[in-house]
Structure formats: structure tokens, C-alpha cells
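Structure record follows, encoded as C-alpha cells.
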Amino acid sequence: MSTVRKRVVVRGRVQGVFFRDTMRRMAESRSVCGWVRNREDGAVEAALEGEPDAVEAIVAFAREGPRGAAVEDVEVADEEPEGASGFQITRS
């Protein structure tokens, strides 16, 4: 089983719409590890680590966001897996 890690930055109306909590619940249900946080510039940033299909499902969610979000741009970058465990909402 291979593990991938992706850094995702989502811009638009993405804070105050339960983006982080929804992403956390999705990650936990798919055994994806990492973190998600609000950034001071209004974006949401996440590090996602797990099986490729599970990580891609969360990246696909990031492109749409939860109800109430208006996603304008999503940046996705590959990173080296770090052996993360658990998924947390962190402070910026």
C-alpha cells in the first residue's frame, strides 16, 4: 500500500462555513492523516497523508467545499510523506 502527501491551499469564501470540520470528518472516515487550518489571508490550508484514492477524494472535496463555501482557487502540491498519524484542526 503506497502513501502520498499533498499540501492544499483553498481560496475564496472558505472560512466560517465549516470547511475545516467537514474536511476533518472526511479525513478521519477515510483514514487520512494530517491537519487543516485557517490562514490569516482568508485561505484554508491542509496537509493530507494517506492512500492515494483517499487523499484524492479529500482534494476533490476541497475543490467544491461544504455548503455555503465559494471556492475560487485550489493549489495542490505533492510532498514527501512524513508518517503522520491522526487528523487535527490546528491554529494558523
Side-chain angles (χ1 to χ4, degrees):
M1 161 176 22
S2 65
T3 299
V4 298
R5 182 179 177 95
K6 296 194 182 282
R7 180 70 55 107
V8 181
V9 178
V10 187
R11 292 184 176 81
R13 188 175 71 240
V14 294
Q15 293 188 10
V17 294
F18 296 97
F19 207 110
R20 295 175 300 158
D21 188 58
T22 304
M23 185 175 279
R24 178 191 56 81
R25 286 186 281 117
M26 291 182 71
E28 289 175 346
S29 73
R30 290 168 172 79
S31 299
V32 171
C33 300
W35 51 264
V36 62
R37 66 181 176 192
N38 283 342
R39 294 190 349 177
E40 290 183 11
D41 65 0
V44 168
E45 180 178 20
L48 309 168
E49 187 170 326
E51 293 183 22
D53 289 346
V55 170
E56 282 304 319
I58 298 172
V59 170
F61 160 77
R63 295 185 193 286
E64 300 296 322
R67 185 173 54 218
V71 175
E72 295 173 3
D73 182 57
V74 178
E75 295 177 21
V76 180
D78 294 327
E79 296 184 341
E80 286 296 316
E82 297 178 358
S85 62
F87 195 92
Q88 301 192 359
I89 296 173
T90 65
R91 294 193 174 272
S92 55

What distance separates [X] [atom1] from [Y] [atom2], expressed to the nearest 0.5 Å?
| X | Y | atom1 | atom2 | answer |
| --- | --- | --- | --- | --- |
| Arg24 | Thr90 | CZ | OG1 | 13.0 Å |
| Met23 | Met26 | CE | CE | 8.0 Å |
| Gln88 | Arg91 | CD | CZ | 12.5 Å |
| Arg7 | Leu48 | CZ | CG | 9.5 Å |
| Arg13 | Phe19 | CZ | CZ | 12.0 Å |

Nearest non-hydrogen partners of [X] and [Y], listed with the distance:
| X | Y | result |
| --- | --- | --- |
| Thr22 | Pro66 | OG1-CB, 4.1 Å |
| Val10 | Val14 | O-CG2, 3.5 Å |
| Ala27 | Phe87 | CB-CD1, 3.5 Å |

Does one hydrophobic cluster hold both [X] and [Y], with members joined at side-chain heavy-atom distances below 4.5 Å?
| X | Y | value |
| --- | --- | --- |
| Val9 | Ile89 | no |
| Phe61 | Val17 | yes |
| Trp35 | Val44 | no |

Discussion item. Salt bridge or not between Arg30 and Glu51? Use side-chain N to carboxylate O under 4.0 Å.
Written reply: no
Practice prompt. List the steps, then state whether side-chain contact (heavy atoms from CB on, under 4.5 Å) holds for Arg11 with Arg39.
Written response: CA-CA 10 Å; Arg11 292 184 176 81; Arg39 294 190 349 177; 3.4 Å; yes
Item to complete: With sequence neighbours left out, write down each residue that passes side chain to side chain contact (heavy atoms under 4.5 Å, CB included) with Ala84, or none if nothing qualifies.
Response: Arg5, Cys33, Glu49
Worksheet, complete the sentence: Exactly one candidate in Glu80, Glu79, Glu56 meets salt bridge (Lys or Arg N to Asp or Glu O under 4.0 Å) with Lys6; the answer is Glu56
Worksheet item: Above 12 or not: heavy atoms from other molecules or residues under 6.0 Å from CG of Asp41?
Response: yes
Practice prompt. Show your reasoning for whether side-chain contact (heavy atoms from CB on, under 4.5 Å) applies to Asp78 and Val4.
Written response: CA-CA 8 Å; Asp78 294 327; Val4 298; over 6 Å; no
Practice prompt. Mark yes or no for whether Gln15, through its side chain, and Ala43, through its backbone, hold a donor-acceptor pair below 3.5 Å.
Written response: yes
